[in-house]
2 protein chains.
Amino acid sequence: MPRGGARLGAGRPKGQGKYREPTKPIRIPESLLGEVIELISTEGYSLPLYSCAVQAGFPSPADDHIEGKLDLNKYLIKHPTATFFVRAAGDSMVNAGIHSGDILVVDRSIEAKHGKIVIAAVDGQLTVKRLHKSKKDTYLMPENNDFEPIKFEEDNEVIIWGVVTNVLHQV
Amino acid sequence: MPRGGARLGAGRPKGQGKYREPTKPIRIPESLLGEVIELISTEGYSLPLYSCAVQAGFPSPADDHIEGKLDLNKYLIKHPTATFFVRAAGDSMVNAGIHSGDILVVDRSIEAKHGKIVIAAVDGQLTVKRLHKSKKDTYLMPENNDFEPIKFEEDNEVIIWGVVTNVLHQV
DNA sequence: ACTTTTGAATATTGTACGATATTCTAATCA
DNA sequence: TGATTAGAATATCGTACAATATTCAAAAGT
C-alpha cells in the first residue's frame with residue numbers, strides 16, 4: 001500500500017554532505033594523496049590573521065582585529081621551485097634577528113645584491129651572512145661583533161646558494 | 001589491409017602522464033579546489049631543508065647538508081583548528097626576537113603557563129607579552145626595558161587569546 | 001489529534017567506463 | 001634497405017552513473 005506521494009520540498013537538502021558544500025572529483029597523483037587528504041580534512045591551511053593595530057570604537061576580542069586569511073606557504077614561499085630551507089647554526093647573525101636553530105626561508109631566484117642576507121657555502125661549509133659589495137671587494141659580513149667578515153678570495157671557494165627572505169624563530 | 005599485429009611491448013608506457021605517476025580521482029570541496037590545484041601543480045610544498053652543521057669528509061654543496069623535506073604548514077601548525085596569526089606591532093618584545101611587523105603563530109590549545117609568550121587582549125587592545133605568574137599576582141611582562149609590566153587587575157579586562165609558538169620575521 | 005511508518009525526492013560519493021593520448025611494430029612503400 | 005604508415009596495445013583522464021544517504025510529508029495506525 002503506497003504511502004507518501006508527489007510533493008514539494010522533499011529530498012535531501014543541499015549542504016548536508018561531509019564538507020557542507022558541493023564537491024568535484026579531480027585526479028590527484030598518488031604521492032600527493034596524503035597531503036591533499038590532510039589539506040581537505042583540516043579545511044585548508046588558510047587561518048585568520050589578526051592585527052595588533054588600535055581599533056576605533058568599542059572592540060570585541062573576536063572580530064575587530066581581523067586582517068584576513070593567511071596561508072603560510074603562500075605567504076612565505078613566492079617561488080616554490082626555487083625555494084629551500086636552511087637551519088641556522090651559530091650566533092653570527094643575532095643582530096639581524098637570526099638565532100641558532102632558526103629555520104631560514106631561502107629563495108634562489110632573488111638576485112644576491114649588496115645588503116641582502118645570503119646563504120653561502122664557504123669551502124663547503126654553509127653559512128649565513130649579509131652580502132657587502134664594494135667597488136673593489138665583496139665580503140660576507142656577520143651581524144655580531146664577535147665574528148669577523150669573510151672576504152671573497154681566489155683561494156677560498158665561495159658559492160652563494162640564495163637570498164634569505166624570512167626567519168622562522170621558535171619562541 | 002591490416003598493419004601491425006600482436007606483439008610484446010606495445011602501448012603507451014607508464015609514467016607518461018601529466019604527473020609522471022598514477023593518479024586517483026577524489027572529491028574536493030569547491031572552496032578548496034583552488035588550493036588543491038595549486039598544491040598539485042607545484043608538486044607540493046614539501047621543500048628541502050639543509051643544515052649548517054659541519055660535515056665530515058669532502059662536502060658537495062648540493063647534497064651533503066640535506067636534513068630532509070619540510071612542509072611549513074605542518075612544521076609551524078600543530079593544531080590547525082586552534083591556530084591563528086597575529087601581526088605584531090611595537091617594540092615591547094624585541095629582546096624575545098619579536099619585531100614590529102612580524103607574523104606570530106598563536107596556538108589556543110596550549111596552556112598559558114608561566115614563562116610563555118602570549119597574545120592578550122587588554123581592554124580590547126591586542127598585545128604580545130611574556131606571562132609572569134607568581135603566587136600572588138599575574139603580570140604581562142614586556143621584554144624591552146622601555147616598557148612597563150601590566151598587572152592583572154579587577155578593573156582592566158584581560159583575556160588571553162593563546163600562546164605564541166613561532167615568530168615569522170621578514171629580513 | 002498525535003505518533004509512526006513508508007516510499008518519494010533529491011544531494012552526495014566513489015568509481016567504472018568511454019574517450020583520448022601515446023608509443024610501438026609489422027606491413028607497405030620508395 | 002631504409003623510410004613511412006596504419007593499426008594494435010596500453011596508460012591516462014574527465015565525468016557520467018549507480019549506489020548510498022538523508023530528509024520530507026502523506027498515509028496508516030492508535
Side-chain angles (χ1 to χ4, degrees), chain A residues 1-49 62-63 66 68-84 108-109, chain B residues 1-48 63 66 68-84 108-109:
Chain A
M1 219 131 293
R3 307 182 182 218
R7 85 212 73 112
L8 250 59
R12 183 179 187 169
K14 277 189 184 180
Q16 296 302 111
K18 207 189 300 180
Y19 305 114
R20 320 239 133 219
E21 61 176 312
T23 61
K24 244 183 93 69
I26 64 172
R27 287 193 167 269
I28 307 289
E30 281 184 356
S31 67
L32 296 176
L33 257 183
E35 252 182 278
V36 170
I37 288 170
E38 188 168 336
L39 180 79
I40 62 181
S41 63
T42 58
E43 296 175 28
Y45 274 113
S46 284
L47 301 179
L49 168 65
D63 299 321
I66 191 115
K69 292 264 189 171
L70 194 65
D71 181 323
L72 285 184
N73 281 328
K74 278 186 212 149
Y75 173 71
L76 292 169
I77 302 173
K78 300 290 189 275
H79 308 107
T81 55
T83 298
F84 60 92
R108 295 189 69 104
S109 68
Chain B
M1 219 130 293
R3 305 184 183 216
R7 85 212 74 112
L8 252 59
R12 184 179 187 171
K14 278 190 184 178
Q16 296 302 112
K18 207 189 299 181
Y19 305 114
R20 321 238 132 217
E21 60 176 312
T23 60
K24 247 182 92 70
I26 65 173
R27 284 191 170 270
I28 308 289
E30 280 183 357
S31 67
L32 295 176
L33 258 183
E35 254 181 278
V36 170
I37 287 170
E38 190 164 344
L39 180 78
I40 62 181
S41 63
T42 58
E43 296 176 28
Y45 273 113
S46 285
L47 301 179
D63 300 321
I66 190 116
K69 292 265 189 170
L70 194 65
D71 181 323
L72 286 184
N73 282 327
K74 279 187 211 148
Y75 173 71
L76 293 169
I77 302 173
K78 301 290 189 271
H79 307 108
T81 55
T83 297
F84 59 92
R108 294 188 71 103
S109 66

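Numbers restart at 1 for each chain; the letters A, B, ... are given by sequence-line order, proteins then strands.
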**Crowding at NZ, A:K24 (>12 non-hydrogen neighbours, <6.0 Å)** =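 Result for NZ/A:K24: open.
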**Asked** Does a sphere of radius 6.0 Å around NZ in B:K14 hold more than 12 heavy atoms from other residues, nucleotides or ligands, not counting ones at 6.0 Å or beyond?
**Response**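 Result for NZ/B:K14: open.
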Rounded to the nearest angstrom, tell me the gap between atom [atom1] in [X] and atom [atom2] in [N].
X     : N      : atom1 : atom2 : result
A:K24 : C:dT15 : NZ    : P     : 18 Å
B:I40 : D:dG14 : CD1   : P     : 9 Å
A:I28 : C:dT15 : CD1   : P     : 15 Å
B:R20 : C:dA21 : CZ    : P     : 17 Å
A:L33 : C:dG14 : CG    : P     : 12 Å
A:R12 : D:dT22 : CZ    : C1'   : 5 Å
B:R27 : D:dA21 : CZ    : P     : 15 Å

**Request:** Please assess B:T23 against A:E30 for the test side-chain hydrogen bond (donor to acceptor under 3.5 Å, both in side chains), listing each intermediate value before the final yes or no.
**Result:** CA-CA 5 Å; B:T23 60; A:E30 281 184 356; over 6 Å; no
Would you say [N] has OP1 or OP2 under 4.0 Å from some side-chain N or O of [X]?
X     : N      : answer
B:K14 : D:dA9  : no
A:T23 : C:dT13 : yes
B:Q16 : C:dA21 : no
A:K18 : D:dT22 : no

**A:P29 vs B:R20 side-chain heavy atoms within contact, under 4.5 Å** =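 Not in contact.
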**Prompt:** Mapping B:E21 and B:P25 onto DNA chain D by nearest heavy atom, which one lands closer to the 5' end?
**Reply:**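 Mapping each residue to its closest nucleotide by heavy atoms, the 5'-most match is B:E21.
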